[in-house]
Amino acid sequence: MNLWQGIEPSQLISLSILLPFVGALLVIATGKSPNLREAVTLITAIVLFTVVLAIYDYISQGGEIGLELIELFPGLSISFEVEPLGVLFALVASFLWIVTSVYAIGYMRGHNELNQTRFFCCFALAISSVMAICFSGNLLTLFIFYEVLTLSTYPLVTHAGNDAAKKGGRIYLGILLSTSIAFLLFAVMATYSLTGTLDFRAGGIFDDSHNKIVLSVLLVLFCYGIGKAAIMPFHRWLPAAMVAPTPVSALLHAVAVVKAGVFSILKVMIYIFGLDELKDLATTDIMLYIGVATILLSSCIAMTKDNLKARLAYSTVSQLSYIVVGALLASSIASAGAALHIATHAVGKITLFFCAGAIMVASHKKNISEMVGLGRQMPITMAAFAIGAISIIGLPPMAGTWSKWYLTIGALEADKLIVVAALMISSLLNIAYLLPIPVKAFFNTTTGEAEPWSWSETREAPLPMLIALSVTSLCCLVLFFYPQPLIDLVNMIPGVSTQGEG
């Protein structure tokens with residue numbers, strides 16, 4: 001039964017954006033009572049998810065939802081419109097907010113973190129801006145809330161307050177603000193000058209009357225202006241942000257920031273340029289190969305990192321470019337794979353970061369070289385890590401199989417064999433830098449035999465953290481056997497289909 005059945009469809013958009021904002025205010029109001037503050041966070045997250053489910057239900061039945069807040073100039077307004085790609089991102093973000101909140105409660109208490117009220121407040125504000133990004137009706141609205149997301153997550157990155165956190169925060173803020181102002185803002189203004197509109201439209205807003213050279217330059221500006229997609233060389237903010245607490249790393253890598261980047265890239269390619277127009281631009285292949293280079297180079301760098309969070313950070317840089325490459329292939333089925341990868345990478349990578357945080361809280365270990373035999377103490381955590389790793393690699397029976405399958409088929413359909421090769425090599429590199437971690441934890445690396453173990457040796461992280469990482473690892477499995485709701489949603493995106501061009 002739809003809990004929001006009596007609500008006007010346009011009001012559902014308002015609720016999805018305002019609920020986390022109101023939740024942030026209530027977190028501040030209840031800050032002196034940790035139990036009440038955390039109850040507010042969880043209740044707000046659950047209610048938000050029900051709102052997004054209501055939006056999904058309405059859209060899946062063929063409904064349309066739009067909301068215009070204010071018209072600034074003719075053809076230029078702050079407005080919202082629901083479309084399938086945005087619903088997909090909203091479902092992922094709102095569901096994972098619930099799980100990450102459960103995890104954060106265990107982590108923040110288990111690690112005795114300071115400033116927990118500020119943490120949960122900024123977390124809610126970030127989710128509010130993510131919802132606005134999901135349902136942006138035009139580039140202006142997207143740009144505004146893209147910047148709000150950057151600013152609202154800065155206090156989370158610098159949460160520790162030490163010199164390392166401040167340095168990481170400066171890199172984070174510096175790269176993301178400079179790219180968006182120098183490149184993205186200019187691209188938005190140029191688009192409005194050329195077309196007289198910034199609205200997202202099926203098939204794009206450019207046509208044959210627009211100069212191809214100008215559009216080719218605009219494509220580069222959009223790709224690098226959306227710095228949250230972490231295309232090399234503007235990727236350093238992401239590993240620099242690893243100084244933040246692990247729940248923030250989970251937020252950055254799965255729920256909000258990086259997904260907002262690749263979502264924005266995909267949305268611009270589909271709704272501003274249009275896949276057909278994209279095929280004819282001179283810089284499409286250039287940016288495609290830069291994306292391929294990012295996939296391979298960041299995978300190689302990940303292999304050199306002994307610090308677990310640093311290795312996962314460079315893994316994320318690589319995996320994000322899967323989505324960028326999928327968009328730039330300008331193929332119907334590759335775009336479907338890119339959209340699916342937003343969800344499948346989210347559940348896989350958040351599992352890995354949850355496990356990294358659990359290891360740090362329970363055993364105080366950060367480096368992979370220290371984790372030999374850790375499976376005896378943390379069997380649940382290391383089993384979940386293995387599941388998340390297999391999903392990121394793209395092996396059955398885990399969720400990542402589907403998105404990588406469609407990306408590969410899309411590359412073949414577009415006759416880009418170099419992309420197919422890059423995807424295969426990257427998957428092998430994924431195996432090389434992810435699977436040895438649980439293998440070392442569970443097996444004696446000298447004899448190859450399983451390490452002896454008993455429940456009396458178990459020293460797992462606090463229960464909320466275990467619940468969260470168990471849920472997300474289960475999602476990796478469930479989305480392999482039951483991906484159809486996501487596939488159906490992806491197939492509703494104009495010009496995008498898991499069946500290919502036909």
Side-chain angles (χ1 to χ4, degrees), residues 89 133 139 142-143 146-147 149-150 171-188 215-242 252-254 256-270 272-273 278 281-302 312-330 334-335 337-339 341-342 345-346 349 403 407 410-411 416 418-419 422-423 425-426 429-430:
F89 184 27
I133 289 170
L139 274 173
L142 178 65
F143 177 82
Y146 179 95
E147 299 305 307
L149 178 60
T150 301
I171 295 172
Y172 176 81
L173 203 61
I175 292 178
L176 292 186
L177 286 182
S178 61
T179 52
S180 62
I181 293 171
F183 304 137
L184 181 56
L185 180 59
F186 186 82
V188 171
L215 296 187
S216 295
V217 173
L218 275 181
L219 176 63
V220 176
L221 291 175
F222 274 115
C223 287
Y224 278 130
I226 302 173
K228 292 183 177 72
I231 305 171
M232 287 183 170
F234 298 107
H235 68 287
R236 285 189 59 245
W237 65 269
L238 204 157
M242 289 303 97
L252 293 172
H253 289 261
V257 179
V258 296
K259 289 304 183 298
V262 290
F263 165 80
S264 299
I265 289 274
L266 195 52
K267 189 151 184 173
V268 166
M269 300 308 153
I270 294 172
I272 295 298
F273 286 96
L278 201 59
L281 300 184
T283 52
T284 298
D285 278 354
I286 294 174
M287 293 310 303
L288 175 70
Y289 296 133
I290 290 174
V292 167
T294 301
I295 289 174
L296 297 176
L297 289 174
S298 51
S299 294
C300 292
I301 295 171
L312 296 180
Y314 278 100
S315 170
T316 296
V317 175
S318 175
Q319 295 290 318
L320 290 178
S321 279
Y322 277 62
I323 299 172
V324 174
V325 165
L328 290 168
L329 281 169
S335 297
H341 205 61
I342 290 176
H345 175 258
K349 186 52 64 71
S403 53
L407 285 168
K416 300 290 185 183
I418 190 170
V419 175
L423 293 175
I425 294 170
S426 174
L429 292 172
N430 294 162

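The chain is numbered in sequence order, starting from 1. All figures in this text were calculated on a predicted structure; none of them were measured in a lab.
- Looking only at distances, a side-chain donor or acceptor of T284 sits under 3.5 Å from a matching main-chain atom of L278.
- Contact of the K416 side chain with the D285 side chain is registered, since non-hydrogen atoms from C-beta on lie closer than 4.5 Å.
- Taking the side chain as every heavy atom from C-beta outward, L238 and L320 approach each other to under 4.5 Å.
- Contact between A229 and I265 at its shortest, heavy atoms only, is CB-CG1, 3.9 Å.
- Counting only heavy atoms from C-beta outward, the side chains of L219 and V268 never approach each other to under 4.5 Å.
- One finds the CD1 atom of I290 at 11.5 Å from the CG atom of L297 (value rounded to the nearest 0.5 Å).
- Between Y322 and S403 the shortest side-chain heavy-atom distance does not fall below 4.5 Å.
- One distance of note links CD1 of I272 with CG of L215; it measures 11.5 Å at 0.5 Å rounding.
- With rounding to the nearest 0.5 angstrom, the CG atom of L281 is 12.5 Å from the CE atom of M287.
- Looking at F143 and S264, their side chains never come closer than 4.5 Å, going by heavy atoms from C-beta outward.
- Residues C223 and M269 have side chains in contact (heavy-atom distance under 4.5 Å, counting atoms from C-beta outward).
- Nearest heavy-atom pair across A338 and L407 is N-CD2, 3.7 Å.
- Side-chain atoms of T294 come within 3.5 Å of backbone atoms of M232 as a donor-acceptor pair (strictly under, hydrogens ignored).
- Legend: residues meeting side-chain contact (heavy atoms from CB on, under 4.5 Å) with T179, ordered by chain and number and at least two apart, are I175, F183, F234.
- Annotation for I342 and V262: closest pair CG1-CG2, 4.4 Å, computed over non-hydrogen atoms.
- Counting only distance, with no hydrogens or angles, the side chain of T316 and the backbone of L312 share a donor-acceptor pair below 3.5 Å.
- In this structure, F263 and F89 have tilted ring planes: the angle between them lies in the 30° to 60° band.
- Nearest heavy atom pair, residue L266 against residue A327, reads CD1-CB, 3.5 Å.
- Residues K228 and T150 form a side-chain contact, since some pair of their non-hydrogen atoms from C-beta on lies under 4.5 Å apart.
- Remark: side-chain polar atoms of S216 are paired, donor with acceptor, to backbone N or O of A282 under 3.5 angstrom.
- Separating the CG atom in N430 from the CG atom in L423 is a distance of 10.0 Å, to the nearest 0.5 Å.
- For the pair L221 and L184, the minimum side-chain heavy-atom distance is 4.5 Å or more.
- From L328, atom CG reaches atom CZ of F273 across 10.0 Å, with rounding to the nearest 0.5 Å.
- Within 6.0 Å of the OH atom in Y289, the count of heavy atoms belonging to other residues, nucleotides or ligands exceeds 12.
- The minimum heavy-atom distance linking S426 with L296 is given by the pair N-CD2, 4.1 Å.
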Verdict with reasoning, L329 to L288, per side chain to side chain contact (heavy atoms under 4.5 Å, CB included): CA-CA 7 Å; L329 281 169; L288 175 70; 4.1 Å; yes
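- Across S180 and Y146, no two heavy atoms sit closer than the pair CB-CE2, 4.0 Å.
- In this structure, S178 OG and L173 CG are separated by 9.0 Å, a value rounded to the nearest 0.5 Å.
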